[in-house]
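Please read the structure below before turning to the comments.
Note on naming: letters A, B, ... go to the chains in the order of the sequence lines (proteins, then strands), and numbering restarts at 1 for each one.
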Number of protein chains: 2
Amino acid sequence: MSETVPRPTLEAVAARAGVSRATVSRVVNGSDGVREPLAERVRQAVEELGYVPNQAARSLVTKRHDAIAVIVAEPETRVFSDPFFARQLRGISKELTAHDNQLVLLLTEGRDDHARVGRYLAGGHVDGALVFSLHIDDPLPELIQRAGLPAVFGGRPDWGGGRGGVVYVDSDNRGGARDAVRHLLGLGRSRVAHITGALDQTSAVDRLDGFRDVMVGADPGLVVEGDFTAAGGERAMRELLDHCPGLDAVFAANDLTAAGALRVLREHGRRVPDDVAVVGFDDMLPIAEQTDPPLTTVRQDIEGMGRLMARLLLRDLDRDTTADAAVGGSPSSVILPTTLVRRASA
Amino acid sequence: MSETVPRPTLEAVAARAGVSRATVSRVVNGSDGVREPLAERVRQAVEELGYVPNQAARSLVTKRHDAIAVIVAEPETRVFSDPFFARQLRGISKELTAHDNQLVLLLTEGRDDHARVGRYLAGGHVDGALVFSLHIDDPLPELIQRAGLPAVFGGRPDWGGGRGGVVYVDSDNRGGARDAVRHLLGLGRSRVAHITGALDQTSAVDRLDGFRDVMVGADPGLVVEGDFTAAGGERAMRELLDHCPGLDAVFAANDLTAAGALRVLREHGRRVPDDVAVVGFDDMLPIAEQTDPPLTTVRQDIEGMGRLMARLLLRDLDRDTTADAAVGGSPSSVILPTTLVRRASA
DNA sequence: CCGACGGGCCGGAGCGCTCTCGGATCACAT
DNA sequence: ATGTGATCCGAGAGCGCTCCGGCCCGTCGG
């Protein structure tokens, strides 16, 4: 019924083309040293038989799998509540498939999942790993290293990336924040507040740092901690309005936060942007376009981040393969630029 | 430097434990026929050497890969603009890892990608496929069948699923729509309008059907086509207000559409829910909670859908393996119930 | 006490592929 | 005609695993 027809093997193709396995292998893998007429005969046999190489057998000898693990720590619900994840994945996918690599997705649930992931990585199924949202006490890097796999991290890791040549890709959160605040100042605002993100995430810390870079010596009361959610934005905005009723601008750590802030501002009768200008971060659609008024925000190239992560990893991979020595040294981390998107809120 | 230590093989473990490969294999795979003292010695050797079986070698002989492909058609940008995708993936992932299966993600870009996917599926890397948003002219089912792989589809396929025992999992879009409309009627509304989704998607068609089930013989002018976007919702709402200014309720095909409709209603000075009650679909967070007023909507169990898809597929797989004959017949499609979530808009 | 029987364990074959060698072939120069 | 490379191709080994057949040894009936 669902009985699979046994797929043709190299040998079958060889027999049909009247050559040896080795020759077929050469043709299939595009190495030279096979004269044209013969090669053509082989190609035809491949065609006729619908031959597709058996990856398992190939991996067994090459020790290459042409597969990359993408590891996402599930507790980061943020990853799931916004389209970031999907966009990044899309970038990764594009880059990987362009190089004939497969994407194996590992969503880790909790603590105990690490054992599973470790076993998997050690099991030699993949050639490398792409890892998201790493925390300081995360055993993942250790596991990956023990498995002898190269890895690239998404977002600056907690410990600053200073350790053992960790490679990561991140947006220029700090620079983006500076741009946002400068834009606000450029609008003639002077009492600029900041609602931070969840400060256990480096992106939130970096954005706060960027804010401070520009607002040196500002009233510390103008900074209130949020958590990247709309509810957090509302709460923080209320607090802000309470303590600093004179503020004329708000830089929110992300668009969701900004949306919450906007609601509270409206509730309190403040007009945006006339009374208070608001800038968000992420350019998270459709949120950013749907707020009232539409949000001025800092856009980052999410898909590009994903693609870049994959590219760095792949480069590392065939550096190992092709070169005898390190050709260009290990790859190093990359910070991607952001751009300010002007809409109506500031 | 990044030189990998050669991983221990079965043979190495066997040598250390003073037994044969076969015995180690038995112990590792949990088959019986090895007496306890020996088994223990083997287990210890495994431990000491940190042995992990080589999957490639194993697959080569078992023809099993313990991996499932998840195929998502990229053009469905809807998939990427809302968290559906991630949620479903999460459900799938949970179920798969619980059964020690890996998740290989295939995002297909366009037409020409099908060749790649086909090759991959035929390449014998995976044991089955989970497929999303299939269209009527999609070559995917053909490819999958040719590769001899079992598959489960997400969402009712275009051609109605009547063909060749296609198995799919879907929400009860029609029933959910009925609930929504009945709720509106229960509120005493009588001129209920519907803004549809993109009607080339079965979910949109089903929701429309559900609407019609309840509103038999209603003014056809009360149904306007949307496209699942907020902009589409705005456009449709304007049209509706133009042609049927007397309407007192709107059932929107999804929450984004509802959000657009809400904006236009406010713009026209209609109060929600006093003048016009609005119900959405999806309970897409954070949108549904953030609209003004918060949206009454129909919730579907996205994660459950994913999990169920995976479960059906896995069941199908080891039905092939274990049973001599069909134990319980082929699995069949499942429709998951929806629930109405009451908030302020209706 | 011997032969039959059976469960526990081992050796070997082989999954489909790659890759190293060495043999065959051919052009060209000797 | 023969040597000489360079070039092309094939045979064979083996990657790490599973599984089959058979050997060995313990057990029991006669």
Side-chain angles (χ1 to χ4, degrees), chain A residues 4-43 45-46 49-67 100 119 122-125 127 321-322, chain B residues 4-43 45-46 49-67 100 119 122-125 127 321-322:
Chain A
T4 313
V5 193
R7 293 196 298 123
T9 75
L10 245 203
E11 193 109 39
V13 178
R16 178 163 196 118
V19 298
S20 77
R21 281 197 318 275
T23 300
V24 179
S25 176
R26 280 185 204 108
V27 173
V28 170
N29 294 308
S31 45
D32 48 352
V34 179
R35 252 174 307 210
E36 196 35 56
L38 240 200
E40 183 49 37
R41 227 165 69 218
V42 170
R43 257 177 256 124
V46 165
L49 264 44
Y51 170 76
V52 183
N54 179 321
Q55 192 62 30
R58 180 179 285 178
S59 296
L60 186 56
V61 29
T62 60
K63 272 119 172 46
R64 256 282 211 160
H65 303 86
D66 295 321
D100 271 309
R119 218 172 335 116
H125 304 243
D127 302 325
T321 308
T322 51
Chain B
T4 312
V5 194
R7 293 197 296 124
T9 73
L10 246 204
E11 192 107 39
V13 178
R16 178 163 197 118
V19 298
S20 78
R21 280 195 321 273
T23 301
V24 179
S25 176
R26 277 185 212 106
V27 173
V28 169
N29 295 308
S31 45
D32 49 352
V34 179
R35 254 175 308 215
E36 197 35 54
L38 239 201
E40 182 49 36
R41 227 166 67 218
V42 170
R43 258 177 255 124
V46 165
L49 265 44
Y51 170 76
V52 182
N54 179 320
Q55 192 62 26
R58 180 179 285 177
S59 295
L60 188 55
V61 29
T62 60
K63 271 118 173 47
R64 257 281 212 162
H65 303 86
D66 295 321
D100 271 311
R119 221 175 328 120
H125 305 244
D127 302 326
T321 308
T322 51

Q.
Check the phosphate of D:dG10 against A:Thr23, side-chain N and O only, distance under 4.0 Å to OP1 or OP2. Yes or no?
A.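 Result: yes.
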Q: Let me know the distance between CZ of B:Arg35 and P of C:dC10, rounded to the nearest Å.
A: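 Atom-to-atom, B:Arg35 to C:dC10, this comes out as 11 Å.
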Q: Using a 4.5 Å cut-off on heavy atoms from C-beta on, say whether the side chain of A:Thr23 contacts that of A:Arg26.
A: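 A:Arg26 vs A:Thr23: side chains touch.
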Q.
A side-chain contact here means heavy atoms from C-beta on lying under 4.5 Å apart; do B:Asn54 and B:Thr9 qualify?
A.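 No, side chains not in contact.
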Q. For the side chain of B:Leu38, counting heavy atoms from C-beta on, which of D:dG10, C:dC10, C:dC9 is nearest?
A.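 In terms of side-chain proximity for B:Leu38, the closest of D:dG10, C:dC10, C:dC9 is C:dC9.
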Q) Has the side chain of A:Arg43 got a donor or acceptor atom that lies under 3.5 Å from a matching backbone atom of A:Val27? A)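 Not at all, since once roles are kept as given, no pair shorter than 3.5 Å links the two residues.
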Q) Side chain of A:Ser59, backbone of A:Gln55: donor and acceptor closer than 3.5 Å? A)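 A pair under 3.5 Å: yes.
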Q: Considering non-hydrogen atoms only, spot the tightest contact between B:Asp100 and A:Arg119 and give its length.
A: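 Nearest heavy atoms, B:Asp100 then A:Arg119: OD1-NH1, 4.4 Å.
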**Q.** Single hit among A:Arg41, A:Glu40, A:Glu36 for side chain to side chain contact (heavy atoms under 4.5 Å, CB included) with A:Leu38
**A.**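 Among A:Arg41, A:Glu40, A:Glu36, the one that satisfies the side chain to side chain contact (heavy atoms under 4.5 Å, CB included) with A:Leu38 is A:Arg41.
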Q: Applying side chain to side chain contact (heavy atoms under 4.5 Å, CB included), run through A:Val28 and A:Arg58 and close with a yes or a no.
A: CA-CA 12 Å; A:Val28 170; A:Arg58 180 179 285 178; 4.0 Å; yes
**Q.** Pairing residues for A:His65 by the side chain to side chain donor-acceptor pair (under 3.5 Å) criterion, not counting sequence neighbours
**A.**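 Side chain to side chain donor-acceptor pair (under 3.5 Å) list for A:His65, sorted by chain: A:Asp127.
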Q. Using a cut-off of 4.0 Å between protein heavy atoms and nucleotide atoms, how would you tag nucleotides 15-27 of chain D 5' to 3' with B, S and -?
A. BBBBB--------
Q | Degree of bending in the helix from C:dC1-D:dG30 to C:dT30-D:dA1 once both end axes are built from five pairs, to 10° | A |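 Terminal axis comparison yields 60°.
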